A.B. asks: 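To start, I am sharing the structure in question, which I have written as structure tokens.
Heavy-atom basis, side chains included; hydrogens, waters and symmetry copies ignored. Reminder, nothing fancy here: chain letters follow the sequence lines and each chain counts from 1. Nothing here was measured: the structure is a model prediction, and the numbers come from that model.
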Amino acid sequence: MGVVTIYRLAEQALSLIEGGDLKAASSLSINEIKIACGQVINAILKTDYLTINGKMGEVIPNGSVLALYENIPCETNNGKSQATLPIKPYKLPRNMGVWGVYPKYANDQNYEYDKEFIPLQMGQGSLIKSQPLLNDLLGNVGYECYGDKLYFTKDIKSLFPDVVLAIRLVIMDISQYGDYDMLPVPGEYEWDIITQVYKMYSTQPIPDKVVDATSAEKKGEPLNQQKQSS
Amino acid sequence: MILTNLDIICRRWLLEKNIPIHYYFEALTHSSTALRELSFDTLQIINSCMLPVGDYGEVNLPDDFVDDLLVCAPVSGALAPLPKQDWITPLRIHSTTTGEFVPYPGQENNTGNPNLFYGLPNQWSYYWNVNEYGESVGRRFGGHGGTAQGYQLFKQRRQIQMTQGFIGGAVTLLYISDGQSVDNATQIDTLAISCIQAYIDWKSSPNRSLKDSAEARTFYNEQRKLRARLNPLTPVDIRNLLRESYTAGIKN
């Protein structure tokens, strides 16, 4: 079994949908199938986490795909720092889709992957201000996630003007992989992915092997753009 | 490791439960509550501080104050413990000219000797009361014991009110802390780790409000073990107590 790549998955699925090679008159393209593969992969990974890991009492989403984004800028807004997520991750309990946020405080420093920020749930950032021992999170920086925005408990941008972030998100971001890059997807998912993508397009009409260029409505239309209804 | 801190305890709890950092804040919240509850009767976090006495004899309490253990005044290089004076009232009056709080004039204790400071009346060492060896010759009749100096705790004012003799000075306060100051978070007895983690377990379980749940019982057992571990009594101490109880007697 070869390495799982997005092109290989898409090509296999497309062959099933098309009943052979991609036809000149097909309304599908390989790029569309690649996107569909990404969608199916994410759905399978999340289902896998909830049905297998969750039932075993495991909380850490082992086997999930974590996308790492570096050099995420930070900005000050209303006295606090905030950042924008590069992509919306899975919706997991405790907002674990945002797996980790790590700072790089200065240009000549490394990302502090051992000193991640402390995740808070929505609304806790203001609640802790009433608690004398907790309001500074023991010196740590906390963050809340609202939609695609991260709001930090401190204005780290003012404290460290060159600060940038690295963010790990639980998501299979297909745009980050080239056609022949190895996908971080276990081999046992291959069959599921192809089957699911095939099901998505099972109602897609199969174009005839011969495009009838003589029909009246097809006149004047280039041959490779003509499509035939079932 | 003599002392540990809440951060270490919480991260250890996450590791032992095999859960990620997203549960850290919950653990931190419960552990700080555990620290507060254990401070009252088990850990007994006792802090001390020297506090200035204000213009009308008031002493502002520290933020983490729960209960007073001792109020002392510095006397000749030592700290003399002061008693409570129940006659001091929490009421204060404003100066009609400045608007500031001022002490009640003539606020005195009628039952104690205002010049007596722990059995040493200032005027008592007159020469006719002392012989050539510096020994008291007695004959002190009708004198009061105790002292009129002292303090009263007024939590509603977040203050201690001292008697007038201390105005402008300073007193040393020994108090039970609520364990909620940052200093407390970094100075936790290592013996308390299991107990605090048991509390986090209880409060993060569905039985968080049930004091008779299995998780609660586990915590109370851990608290009992903690008390036993904190007990400083050793076999040597016990033997010494027994030996101290014997005295040499006349052989019949």
A.B. asks: Tell me if the CG atom of B/Asn221 is crowded by more than 12 foreign heavy atoms within 6.0 Å.
C.D. replies: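 Yes, because the 6.0 Å sphere around CG of B/Asn221 holds more than 12 heavy atoms from other groups.
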A.B. asks: Non-hydrogen atoms of chain B under 4.5 Å away: do they reach the side chain of A/Gln121, the backbone, both or neither?
C.D. replies: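 Neither part.
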A.B. asks: Return the minimal non-hydrogen interatomic distance between A/Ile128 and B/Phe25, and the atom names on each side.
C.D. replies: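 Minimum heavy-atom contact is CG2-CZ, 2.7 Å.
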A.B. asks: To the nearest 0.5 Å, what is the distance between CG (B/Leu28) and CG (A/Leu134)?
C.D. replies: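 The CG atom of B/Leu28 sits 5.0 Å away from the CG atom of A/Leu134.
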A.B. asks: Please determine whether the number of non-hydrogen atoms from other residues, nucleotides or ligands lying under 6.0 Å from atom CG of A/Asn78 exceeds 12.
C.D. replies: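 Atom CG in A/Asn78 is not packed in, count stays at 12 or less.
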A.B. asks: Can you pull out the residues in residues 83-112 of chain A with any heavy atom less than 4.5 Å from chain B?
C.D. replies: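 A/Arg94, A/Asn95, A/Met96, A/Val98, A/Trp99 fall under the 4.5 Å cut-off.
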A.B. asks: Within a 6.0 Å radius of atom CZ on B/Arg158, are there more than 12 heavy atoms belonging to other residues, nucleotides or ligands?
C.D. replies: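 Counting other residues, nucleotides and ligands, CZ of B/Arg158 stays at 12 neighbours or fewer.
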A.B. asks: What distance separates B/Glu26 CD from A/Gln124 CD, expressed to the nearest 0.5 Å?
C.D. replies: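 It comes to 8.5 Å.
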A.B. asks: Can you confirm whether more than 12 heavy atoms, excluding those of A/Lys129, are under 6.0 Å from its NZ atom?
C.D. replies: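 Atom NZ in A/Lys129 is packed in, count exceeds 12.
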A.B. asks: Decide if atom CE of A/Met182 counts as having more than 12 heavy atoms of other residues, nucleotides or ligands within a radius under 6.0 Å.
C.D. replies: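 Atom CE in A/Met182 is not crowded, with 12 or fewer foreign heavy atoms closer than 6.0 Å.
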A.B. asks: Considering non-hydrogen atoms only, spot the tightest contact between A/Ile60 and B/Pro20 and give its length.
C.D. replies: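 Taking every non-hydrogen atom into account, CG1-CD, 3.9 Å.
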A.B. asks: Ignoring hydrogens, what is the shortest heavy-atom contact between A/Val59 and B/Asn18? Give both atom names and the distance.
C.D. replies: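 Nearest pair, atom of A/Val59 first, then B/Asn18: CB-O, 4.4 Å.
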A.B. asks: Please walk me through it: do B/Leu6 and A/Leu133 pass side-chain contact (heavy atoms from CB on, under 4.5 Å)?
C.D. replies: CA-CA 10 Å; B/Leu6 282 186; A/Leu133 185 59; 3.6 Å; yes
A.B. asks: Between A/Asn140 and B/Asp7, does the side-chain contact (heavy atoms from CB on, under 4.5 Å) criterion hold? Intermediate values first, please.
C.D. replies: CA-CA 10 Å; A/Asn140 292 304; B/Asp7 188 62; 3.9 Å; yes
